[in-house]
Amino acid sequence: MKQTRTFQRRLGWRVGAAAACVAMGATSAVTATPSPASAAGLATIKVAMVPKLLGLPVFEANQKGALSVVHELGISFKFTAPATASAEGQVSIFNSLIAQHYNVITLSADDPTVPVPVLQKAMKAGIQVISYDSDVAQSARDFFIQDTAYNTIAQGVIDAAVKFAGPNADVAIMSSTPDATIQLAWIGAMKSYIAARYPHLKIVTIGYGQSNQATSLSQAEGIIHSYPNVKAILPIDGAAVVGTAQAVAALHESGKIGVFGIGDPLPNQKYFADGSMQGLFLWNEVGQGKLTMLMARLAYEGAHGAPECTAKTPPAHPSPSQWCGIRTNYGRAQYFNGAAVGLPGTYSIAAKANKVSGATRNTVIFSKPLEFTRSNYKKYDF
Amino acid sequence: MTALSAPSAPSAPLRAGETGSGAKRSGPVLLGMLRRRELQLVLAILALGALSSALHPSFLASGNVSFILADSVSTMVVAVGQTIVVLGRGIDLSVSPVLGIAAIGVGFPAQDHNLSIFLALLIVLVIGMALGAGNGFLVAVVGIPPIIATLATLTIYGGLQFIFTGGQEVVNIPNAYGNLGNANMLPGVPWLIVVGAAVVAVVWFWLRRTVTGRSIYAVGNNADAAFRAGAPVRRILFLTYVVSGLLAGLGGLIYLCHVGSADATTGSDTNVNLMSIAAALIGGTTLLGGRGGPVGSALGAVFLSEALQAMIASRVPPIWEPAGVGALIVIAVITDRGATPARLLARRPFREPSHGPQ
């Protein structure tokens, strides 16, 4: 169990910062500096990780992953973000990072266009900009780490639902808001996969839980009552997953209506245990934080004369003289090994956009989704 | 439902609590009753139920009825608190984070240390009263206009809620909470609605049958006159915010039991501010103070919850649902004939007249 910290302790160390933090747009930061001996021969670089806002479990999991590898990558690390999901808040953070001469800025963008000028200013100043999770305009970043391929995760969810409910069933989708970019992309990918593979599977409605559990709960309950033939509900947003499972459990439909979604296993342990949740898909958020830091190092090396990462199997644990670099102007696919931060396999940076996976230029697709089921959910702590 | 039906008109001399515009007693009794907003709402709730079940037979199935009622209770309890503040001619825009802080304040200890539900009840009431006292201090002691004071605390409390969660979510509450949040006393009668009805009954009694309660109406009607008549206006205003906070805190516990989770944005993300004010307005409480009551607000909350499920059942495209709720609020405000914009803008904080009571 990761949530062993008590509420009291949580209060204790945070109350001191409360006065400074309550104002809108206040930020807080976590920093870690490697001891000089840690990364022998590697120049220490300053890398900032700037998620959409503080306090979301997904971004905390990214941070956890990043913190576990900054030591061996010779990174002086800072985690900072606005207190609310505010694009303007991110802009002022980027400005201050530029002033502090950071080497690499990694970010999950609150808005794709608002931070463009400030990030372009950063790139002009020689700072490598890497977006992850939520991209900015391509002109304002060097690389983007996409969570997972849209088609793979959509196929995972649909295949699991069909296995449970059959290829002719009625299913419903529970999303976040009607304008959420990534959810729209997933819904699109689900629809095209259904059209190609299961033409008799019918999506009867798409409910919107507005990214909160209470609205998701009401919506899912309404769907269960209003569409009695629905055999599976597919929640594709963290709050929708919890709300849908809660609705199925509250209406005693556990096991009769399948719930297959996209979300973390930890918040849903209860629903896996009582049988109201059958399957979830997600990338490894902790691992994604590690990859982000590895990319930061490689991008820095690429900009400072290291040879191009081209071989499909670069050394797993490069000595300082063996580091390769990644750059945006090589114009062809680049490959690097994840073993340096404990990630299995080789990653590729696509030089061109790919409509099926959703990848844009200079994008790394982080991983295939993990599948969490009633038999394996206990193994994961995010 | 019967527990919520409209009370008979009070026979006490102070007329302030009357919902009808003129409280004419000469007309036929039935017609007079139809003017009461509570009765109108009961009829509207029944009519909407009948209409929806004609479109979709399972709408009035006991499972759905019980869900609609249970889903309305956290809004209901907060709306009753909001009503008390509005009756005193104030407004409380900080109920969202008060509900949220209460929900996480007991949610984490419940999840990590199996906090008992009775202790949780005590804690949310204390949290709610403390935060409400903050509002009361700014409005009644410092004299800041309510809309500004509670907008400020909305931000402050929202920030605190954020800090307290530290990026964690409450996701795994003990069964005792979930059972209270979703179990039924009888088919179609969830335990939560019993809790809601009890709160409404207590507040109704307090407002109608005690001196302090009646004074809130008097203060809301005319604070200067109430002051001259010897009512401790500042103390009463302070009290309305404390009770509003207390009920918002209770709403947080009810939310936690019903929804089963809570996080940094709980309360704000479901627009508890707006929904509580909407329920009060739909229930016949006017923003001008001095008129309305908890029964109407409770029925307003049930009506909002029913309307949402009716929209889903009648296959209104989900994208239109927020617009539907907004339309209900507009209708409620239009039918609230006393609340013209000019009179709303004329609202000002209470100041003791320079020449005190004789």
Side-chain angles (χ1 to χ4, degrees), chain A residues 1-8 10-11 13-15 17-18 21-24 26 28 53-57 59-60 63 83-84 175 178 205-208 210-219 221-223 225-228 238-239 242-243 245-247 249-252 266-270, chain B residues 56 58-59 61 63-64 67-68 70-71 74 104-109 111-113 155-160 162-173 178 181-183 255 258-266 268-271 305 308-315 317-319 321-322:
Chain A
M1 289 301 293
K2 111 178 154 173
Q3 291 175 350
T4 47
R5 263 189 308 162
T6 67
F7 183 61
Q8 285 81 359
R10 208 177 266 136
L11 265 180
W13 70 266
R14 283 201 166 81
V15 152
C21 280
V22 289
M24 295 291 281
S28 89
L53 73 165
L54 293 172
L56 272 196
F59 296 129
E60 304 281 328
Q63 181 198 1
T84 57
S175 186
T205 187
I206 300 173
Y208 297 98
Q210 310 295 339
S211 284
N212 76 71
Q213 292 96 336
T215 308
S216 302
L217 170 63
S218 311
Q219 290 286 334
E221 201 279 343
I223 289 173
H225 266 289
S226 309
Y227 299 88
V242 176
Q246 171 78 351
L251 295 173
H252 309 293
L266 187 68
N268 296 292
Q269 289 191 333
K270 182 172 71 177
Chain B
H56 198 88
S58 81
F59 190 79
N64 200 37
F67 188 88
I68 288 172
D71 214 23
S74 79
I104 60 161
V106 293
F108 283 116
Q111 171 176 275
D112 299 342
H113 304 291
T155 314
I156 296 171
Y157 297 165
L160 289 176
F162 194 89
I163 291 159
F164 293 160
T165 53
Q168 307 287 317
E169 293 174 297
V170 177
V171 288
N172 206 352
I173 54 167
N182 289 294
Y255 178 101
H258 181 59
V259 179
S261 55
D263 59 24
T265 55
T266 290
S268 308
D269 55 16
T270 40
N271 272 326
S305 170
L308 178 70
Q309 291 300 329
M311 280 189 275
I312 299 176
S314 54
R315 314 277 158 104
I319 291 181
E321 282 160 18

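Since we're looking at a predicted model, the values are computed, not measured. Below, chain A is the first sequence line, B the second, and so on; all start at residue 1.
Closest non-hydrogen pair, I173(B) versus K270(A), comes out as CG1-NZ, 3.9 Å. Listed here is the closest heavy atom pair of Q309(B) and E221(A): OE1-OE1, 3.2 Å. G63(B) and L251(A) get closest at one heavy-atom pair: O-CD2, 4.5 Å.
For P178(A), the part sitting under 4.5 Å from any heavy atom of chain B is the side chain, from C-beta outward, and nothing else. Of the two parts of Y227(A), the backbone and the side chain both hold a non-hydrogen atom closer than 4.5 Å to a non-hydrogen atom of chain B. Looking at D71(B), the atoms closer than 4.5 Å to chain A (heavy atoms on both sides) all sit in the side chain, from C-beta outward. With a 4.5 angstrom heavy-atom cutoff, I68(B) does not touch chain A via any of its atoms. Residue contact with chain B, scored on non-hydrogen atoms closer than 4.5 Å, involves the side chain of T205(A) exclusively. With a threshold of 4.5 angstrom between heavy atoms, A313(B) approaches chain A through its backbone and through its side chain. For chain A, the nearby part of Y255(B) is the side chain; its heavy atoms alone come within less than 4.5 Å.
The CG atom of L217(A) sits 7.0 Å away from the CG atom of N182(B) when rounded to the nearest 0.5 Å.
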Under the side-chain contact (heavy atoms from CB on, under 4.5 Å) criterion, do D263(B) and Q213(A) qualify, and how do the steps go? CA-CA 9 Å; D263(B) 59 24; Q213(A) 292 96 336; 3.6 Å; yes

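Looking only at heavy-atom pairs under 4.5 Å with chain B, the residue among S218(A), A250(A), A239(A) that has the most is S218(A). Between chain A and the residues G181(B), A61(B), S261(B), the largest count of heavy-atom pairs under 4.5 Å involves S261(B).
H225(A) places no side-chain N or O within 3.5 Å of a backbone atom of I312(B) that could act as its donor or acceptor partner.
Between L266(A) and E169(B) there is no side-chain heavy-atom pair separated by less than 4.5 Å. With a 4.5 Å cut-off on side-chain heavy atoms, S211(A) and D269(B) do not count as touching.
Using modelled atom types and a 3.5 Å distance limit, the side chains of E321(B) and Q219(A) yield a donor-acceptor pair.
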